[in-house]
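As the structure lists them, so they are numbered: ligands from 1, and atoms in each ligand from 1.
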Amino acid sequence: MSKKIAILTSGGDCAGLNAVIRAITHRAHKLGWEAIGLENGTAGILEDPPRVRALKPGDFGGTLMRQGGTILGTTNSKNPFQYEMPNGEIKDRSDEIIAAFKALEIDAIIGIGGDGSFAILNKLAEQGGLNLVGIPKTIDNDLDMTDFSVGFDTAVAVATEALDRLQPTAASHDRVMLLEVMGRDAGHIALTAGIAGGVDIILIPEIPYNVESIAKKIAAVKESGRNFALVIVSEAVKTPGGEKLEVVYHGGEKRYGGIAEYLGPKVAEATGFETRVTVLGHVQRGGSPTYNDRLLASAFGVKAVELVNEGKFGRMVAWQDHNVVDVPIEDAIKRCRTVGPDDMLMHTARSLGISFGDE
Ligand code: F6P
């Protein structure tokens with residue numbers, strides 16, 4: 001009987017997940033492993049019957065790798081250690097999940113996730129003696145020890161395209177456009193898309209800023225003879241006074257949001273320019289993956305199965321210096337990889353005259 005690999009996607013979705021699932025399925029079948037998909041992260045396995053499906057290379061039919069989302073579904077709010085039951089009670093269901101993995105005779109799990117998902121999956125694996133390999137995915141690109149995670153490149157491409165679309169309308173109306181992008185506590189999307197999209201100002205959570213500096217930069221732009229300016233701001237940027245802005249959803253769930261709306265009128269007042277705000281939101285997570293995300297997804301999927309086949313567990317595949325390597329999962333989630341002061345792209349941006357609102 002062939003051995004079984006279970007695949008699950010966990011945490012927020014992003015473009016490229018189906019390409020990862022496809023790559024795992026292909027490599028698994030080549031190496032004589034059976035691949036099954038667990039639906040809805042670890043939550044689906046708790047259902048009766050558990051939500052699992054067989055995966056075969058033929059299922060992908062040349063189309064799924066091009067599609068955003070995840071055919072397996074995902075969740076970023078069902079922590080098995082603090083699971084909210086229908087009656088509102090919070091319960092530790094980790095033992096039930098481990099028992100369900102064992103009942104399904106799963107020999108290895110490939111989890112496609114970010115830092116939060118890996119912290120949970122790693123804990124489950126240690127507690128239940130499960131064989132886990134991780135594949136990094138997050139538009140935030142904040143996992144440590146990998147240059148890139150699946151989904152980041154597509155998010156940056158979407159943000160760059162948004163700037164390309166904002167520029168002509170900004171120029172037509174003599175306006176300052178503020179674009180708010182995702183990224184949680186890391187400013188990678190704003191920094192990368194800001195450079196690629198030719199902005200004047202990048203605001204990221206890693207660098208304190210003030211409105212006077214923003215106004216000074218926009219005044220310089222005006223003096224140079226240009227009638228518009230572009231500003232990209234990362235969602236976790238605080239107010240100049242240090243207040244964290246969040247949106248509270250039904251049930252009390254909080255997400256970053258609101259900084260561009262907060263700053264828009266302040267920038268208008270300080271510069272005399274009309275300003276408008278665009279919040280890109282989940283558009284950054286959807287749509288067809290870029291070629292880079294498809295390549296990363298394919299290389300990661302293949303390598304993850306090879307690790308399973310070699311019996312190397314507790315590892316995360318990672319992209320380092322144009323090579324796929326593997327690192328301990330626990331090391332990759334020790335810290336959130338934010339934009340460092342010595343980041344090469346910081347130097348690039350400053351050299352191009354882009355302001356971070358700090359001088
Ligand atoms: O971590 C990915 C991410 O898209 C963040 O950039 C963002 O802050 C968050 O997830 C949004 O979460 P949700 O999909 O729950 O609104």
(request) Going by the salt bridge (charged side-chain N to carboxylate O under 4.0 Å, His left out) test, name the single residue among Arg335, Arg184, Arg337 that passes it with Asp142. (result) Arg184
Name the closest protein heavy atom to [atom], giving the residue it belongs to and the distance to 0.1 Å.
{"atom": "atom 9 (C) of ligand 1", "result": "Arg285 NH1, 4.0 Å"}
{"atom": "atom 15 (O) of ligand 1", "result": "Arg255 NE, 2.8 Å"}
{"atom": "atom 8 (O) of ligand 1", "result": "Glu235 OE2, 2.6 Å"}
{"atom": "atom 2 (C) of ligand 1", "result": "Asp140 OD2, 3.3 Å"}

(request) Measure the spacing between NZ of Lys78 and CG of Asn40 and express it to the nearest 0.5 Å. (result) 8.5 Å
(request) State the OH-CG distance between Tyr209 and Leu263, to the nearest 0.5 angstrom. (result) 4.0 Å
(request) Could you tell me if any non-hydrogen atom of His282 lies under 4.0 Å from any atom of ligand 1? (result) yes
(message) Is it true that Gln127 and Ser94 share a donor-acceptor pair across their side chains at a distance under 3.5 Å?
(response) yes
(message) Could you tell me if Thr74 and Thr9 have a donor-acceptor pair between their side chains, going purely by distance under 3.5 Å?
(response) no
(message) Distance under 4.0 Å to a non-hydrogen atom of Gly183: what atoms of ligand 1 satisfy this?
(response) 6 (O)
(request) Could you tell me which atoms of ligand 1, counted from 1 in the order shown, lie closer than 4.0 angstrom to a heavy atom of Arg184? (result) 1 (O), 5 (C), 6 (O), 8 (O)
(request) May I ask you to check whether Thr138 has an N/O atom sitting below 3.5 Å from an N/O atom of ligand 1? (result) no
(request) Consider every N or O of Ile139 and every N or O of ligand 1, then say whether any pair is closer than 3.5 Å. (result) no
(message) Main chain of Leu55, side chain of His29: is a donor-acceptor contact present, judged purely on distance under 3.5 Å?
(response) yes
(request) For the pair Glu206 (side chain) and Val339 (backbone), establish whether a donor and an acceptor sit closer than 3.5 Å, ignoring hydrogens and angles. (result) yes
